[in-house]
Q: 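Please find one structure pasted underneath; my questions will follow.
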There are 2 protein chains.
Amino acid sequence: MNFVVIGGDAAGMSAASRAKRTQPDMNVTVLEKTQDVSYSACGMPYNIADPKRDIEELVVRRAEVFREKQDIDLLTGHLVETILPAEQKVVGTTADGQGFSFQYDKLLIASGASPVKPDVPGIDLPGVVALKSLADGRRIKQFIKENQVRRVVVVGMGYIALEMCEAFHALGLAVTMLKPNPDLLPWMERSSAQVVQEELESRSVELMFGQRLKAVEKGAGGLRAVCDNESIDTDMVLIAMGVYPNSGIARDAGIDLSLGDSIAVNKKLETSDQNIYAAGDCADAVHVVTGEKAWVPLALRANRAGWAVADNVCGREKELPGIAGTAVFKVFDLEVARTGLDMREAAAAGFEPAGVIIKTRSKAHAHPGNTVIHVHMVGDVKSGRLLGVQMVGKEGVAHRINAPAVALHNQMTVAAFGESDLAYAPPFGPTWDPLLTTANQLIKKL
Amino acid sequence: MNFVVIGGDAAGMSAASRAKRTQPDMNVTVLEKTQDVSYSACGMPYNIADPKRDIEELVVRRAEVFREKQDIDLLTGHLVETILPAEQKVVGTTADGQGFSFQYDKLLIASGASPVKPDVPGIDLPGVVALKSLADGRRIKQFIKENQVRRVVVVGMGYIALEMCEAFHALGLAVTMLKPNPDLLPWMERSSAQVVQEELESRSVELMFGQRLKAVEKGAGGLRAVCDNESIDTDMVLIAMGVYPNSGIARDAGIDLSLGDSIAVNKKLETSDQNIYAAGDCADAVHVVTGEKAWVPLALRANRAGWAVADNVCGREKELPGIAGTAVFKVFDLEVARTGLDMREAAAAGFEPAGVIIKTRSKAHAHPGNTVIHVHMVGDVKSGRLLGVQMVGKEGVAHRINAPAVALHNQMTVAAFGESDLAYAPPFGPTWDPLLTTANQLIKKL
């Protein structure tokens, strides 16, 4: 059996490794367009924040290990350009310009996602960067090292933008963030988003809303980011406007696409072609709350979907239940987390959402070192179901979100979730956990 | 309607307040034997650790507030001695020796628990203390303040013993802990318990296993704790051997008792007498994993059961699903948490338990500040169900335990729990959360 994998990061290498482990006699070939495989992409902002750390630390397993220890035919510098489903073949070009083609019995498209880049003049100037691949990370570290970078403009205010904002701040750079939308983190309940905004402003991060990048120009001793009605002198521009799925080769091969042009897969990660799977940032998923398709390109799903593909390729039938939309990020002293749906998403999915916002404490009454935790919880008036939770606070947020995430997988009602036996000790929260207090309030609206 | 409550702490005051709020015309009488109501008992070790903190800080709401603002007839210094179910009456004696009696339509026994004290000579000497009531906390603070306390013997090694060990250590006292059993935290998987033991020993806490307290004597300039084959000179002895339910008045009134002499209640918190409820540390509960009775006297259940009693007394029928046995404590730099059953409990409950122990990391690959998290997970070979989780680590343990706690409420299989969409960001854990990694390993044994 020839199992060919396009893409050698989270989903691709997870699938390749697990397939080879399960069936050592399988021919497993991974075609990776870059020179890097199996690295912690999510760790890049934290590595960039520290000039003393080598970016290569983020490599979890080097290509040689996959080749020599695991007998995976891992080919870097191999860009797949065309999938020929009728012939069960992929064709492409290597980094040094050689053509190649591989026959497959089963194919996994794990081609990931690419940063959205605005089509504006100057977007290719040196110092205009994005962050997705390890090569991007290297380029940013090197640019900062080799240039007198004191100011940076970050275009976008999502997870990556905020994590990079913190990294740049740690390096002593003055950070200006801009976006066309008037709201920071529009999926967040407004008073909680305000907490994040105040944290950013307390670090002297300049936030410019309602501004679209129109051009990057060479300015006096650096760059100039030209926006709708502002021009900002800067030394570097980070484009962090989100990502789009690398689904072009799938579309060209006649494979069905889905939300945001992600590749449509079923619970077994099969695409519309019976010999082709897709997994990772390029593929969609089912949302466990709505039962509908969703596209949430995050690392855990990529790894898990890679494993599931391997199981299916090896004949161990495996279906994934889907995602709950759980995510967490850190920005300066704040932990920000979510799971499930926000009010707008819940309404769009046909629920009748009700929400409450509770400000509660991270530790027991009178316990030293108390900080505020903001919890926003959404339930469905018709069914009583828990639909989603958002939290912001200085501590006790990141792992706390997992309890409602598990509740969402089980379609729990808010009332049932509110009766969960959660842990209590004074250093870790009030007797009634913030989540329980919020559920107790939300029940009254359902 | 006369609603009488015996006991004015967590369960009792929760019930009284909620009943009065729901039905303002109800006569709500609380009979509390001490002078203290509604305080954070669990906060006492942390308060005692800091001589600058006033123990009265732990009072959440003072008796006058209940009386004046909430119109609850709250009587402190009222010890109920007898329940007369046929006459629907309680009788007792006040702190100043006056007899009293109250008629009830509905009665709640929320009489709590008392520290187990060994019946040995010298147990009543000054400097021999226990910690359950706020009066106990006051007494300990005062004793330390007024005496040259440099050494303390802690009898027992449970949650309270360990929290107080940390408090005494913070006060600069030399701590010796002793217990008859050869194992620290016998419910813990041994390698995890060893982590706790090493943490204690790294703080120069002396641990003496296989030692039973035989007597406390007056020694040269202090006390002497006489054990099986050791005598320890000390300035203070803390008895922390666990608690027993204050169920004597219930038993004497012919009410059915349950595990460990706790008062048997159904999911509505009704005792065997149709007019009498019980809640808090004196009452039992159903364990959601076994479906059998359990006695786990902890604060959240007490508060929640108090509320449920109020709802039932007010005619809003309310059943509680039960407890998952979730608990957490901090000891020095460690967080220790559990939910559900350990291997022994699982076998005793008729499951066919299999367990795995995983050492994993608190942060992503190569992220600075990584520490070790030890996860022990138990599943049932026959059904594949998740039965319990234990965790130990320096961070990311306390709130992480709540995800499997919610899973237990939903009778999830280990496989389904292992497919949960848990949060990931590099500062908070590996891509595969420690719980997921452990579930992935445990599945192989099921």
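Note that the structure is a prediction, hence the values are computed from the model and not measured. Per chain, numbering begins at 1; letters A, B, ... match sequence-line order. Both backbone and side-chain heavy atoms feed into the values below; hydrogens, waters and symmetry mates do not.
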Q: For a side-chain contact (heavy atoms from CB on, under 4.5 Å) with B:Val392, tell me which candidate from B:Val196, B:Ile373, B:Val397 qualifies.
A: B:Val196

Q: Atom OH of B:Tyr39 and atom CG of B:Leu134: how far apart are they, to the nearest 0.5 Å?
A: 5.5 Å

Q: Checking A:Arg301 against chain B: side chain, backbone, both or neither under 4.5 Å from a heavy atom?
A: neither

Q: Is chain A contacted by the side chain of B:Arg338, its backbone, both, or neither, given a heavy-atom distance below 4.5 Å?
A: neither

Q: Please determine, among B:Gly325, B:Ser420, B:Gly418, the option with the most heavy-atom pairs under 4.5 Å with chain A.
A: B:Ser420

Q: Given a strict heavy-atom distance threshold of 4.5 Å, which part of B:Val59 is in contact with chain A: side chain, backbone, both, or neither?
A: backbone

Q: How many angstroms lie between CG in B:Leu408 and OG1 in B:Thr326, if you round to the nearest 0.5 Å?
A: 7.0 Å

Q: Say you draw a straight line from CZ of A:Arg18 to CE of A:Met13; how long is it, rounded to the nearest 0.5 Å?
A: 14.5 Å

Q: Using non-hydrogen atoms and a 4.5 Å limit, figure out which bit of A:Tyr424 sits close to chain B: side chain, backbone, both or neither.
A: both

Q: Under 4.5 Å heavy-atom distance to chain A, tell me which part of B:Ser40 shows up: side chain, backbone, both or neither.
A: side chain

Q: Of the backbone (N, CA, C, O) and the side chain (C-beta and beyond), which part of A:Asn47 lies under 4.5 Å from a heavy atom of chain B, both, or neither?
A: neither

Q: Using non-hydrogen atoms only, which part of B:Ala324 is less than 4.5 Å away from chain A: side chain, backbone, both, or neither?
A: both

Q: Relative to the ring of A:Phe329, is the ring of A:Tyr159 parallel (under 30°), tilted (30 to 60°) or perpendicular (over 60°)?
A: tilted

Q: Checking A:Ala337 against chain B: side chain, backbone, both or neither under 4.5 Å from a heavy atom?
A: neither

Q: Quick one: what part of A:Gln411 sits under 4.5 Å from any heavy atom of chain B, side chain, backbone, both or neither?
A: neither

Q: Nearest 0.5 Å please: distance from the CG atom of A:Asp50 over to the NZ atom of A:Lys141.
A: 6.5 Å

Q: Examine whether an atom of A:Leu298 lies under 4.5 Å from a heavy atom of chain B, and if so say whether it belongs to the side chain, the backbone or both; otherwise answer neither.
A: neither

Q: Check whether A:Leu422 gets within reach of chain B through its side chain, its backbone, both or neither, counting any heavy atom under 4.5 Å.
A: both

